[in-house]
Amino acid sequence: MYEYQRYNQYSYPQYQQPQQIQQQFQQQIMPQQAGLCGRMVNSVEEVTANDVPMNAPFAIFPKADGSEVYIKSWGANGLIQTVTYKPQLDGKQNELPKEDTATLFAPIMERLDQIEAKITQSQRTTRAKKESDSE
């Protein structure tokens with residue numbers, strides 16, 4: 001009878017309950033990174049397949065000059081899909097000023113002339129003072 005009890009004790013493997021397995025599996029899953037994937041590019045041709053992560057829904061690639069933003073993601077067919085966004089500017093912002101550039105820059109140039117005159121006067125005063133001290 002002793003043999004029978006020992007056999008029974010070892011003959012049936014101990015199985016874990018499904019809930020315990022599920023809990024262990026959930027603990028082993030790595031959390032995804034919080035944040036956006038992508039980088040600044042000069043053109044859409046710079047983006048390679050390695051730049052588009054498979055574990056994120058999409059990657060963002062803004063163009064360096066700000067003229068476009070590319071959103072790239074992997075499709076179900078195994079190809080990369082690209083969506084391009086372009087900023088829409090108000091009509092007023094696209095219009096160039098009708099004034100001549102000389103008219104626009106006149107106050108700036110006038111102020112620069114005043115500063116130049118003060119610097120030149122200061123240099124003359126400093127030179128005159130050095131010459132009088134050296135005599």
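Minimum interatomic distance between S73 and P57 (heavy atoms only, all atoms of both residues): CB-O, 3.2 Å.
Checked against side chain to side chain contact (heavy atoms under 4.5 Å, CB included), L79 has the following partners two or more places apart in sequence or in another chain: N77. Remark: E68 pairs with K63, Y70, T84, K86 by the side chain to side chain contact (heavy atoms under 4.5 Å, CB included) rule, at least two apart or across chains. Partners of M54 according to the side chain to side chain contact (heavy atoms under 4.5 Å, CB included) rule, which considers only residues two or more places apart in sequence or in another chain, are W74. With sequence neighbours excluded, the residues satisfying side-chain hydrogen bond (donor to acceptor under 3.5 Å, both in side chains) with S67 are D65.
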Distance-only donor-acceptor pairs under 3.5 Å for side chains of residues 35-52, two or more places apart:
from: R39; atom 1: NH2; to: E46; atom 2: O; distance (Å): 3.0
from: R39; atom 1: NH2; to: D51; atom 2: OD2; distance (Å): 3.0
from: N42; atom 1: ND2; to: E46; atom 2: OE2; distance (Å): 3.4
from: S43; atom 1: OG; to: E45; atom 2: OE1; distance (Å): 3.2
from: E46; atom 1: OE1; to: N42; atom 2: N; distance (Å): 3.4
from: E46; atom 1: OE2; to: N42; atom 2: N; distance (Å): 3.1
from: T48; atom 1: OG1; to: D51; atom 2: OD2; distance (Å): 3.3
from: D51; atom 1: OD2; to: T48; atom 2: N; distance (Å): 3.0

List the atom pairs, donor and acceptor, that lie under 3.5 Å between side-chain atoms in residues 109-122 and the rest of the protein, sequence neighbours left out.
from: R111; atom 1: NH1; to: Q114; atom 2: OE1; distance (Å): 3.2
from: T120; atom 1: OG1; to: E116; atom 2: O; distance (Å): 2.8

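Counting only heavy atoms from C-beta outward, the side chains of I71 and T82 never approach each other to under 4.5 Å.
I60 and V83 fall within a single hydrophobic cluster, where Ile, Leu, Val, Met, Phe, Trp and Tyr side chains are chained together by heavy-atom contacts under 4.5 Å.
F58 CZ to K72 NZ: the interatomic distance, rounded to the nearest 0.5 Å, is 14.5 Å.
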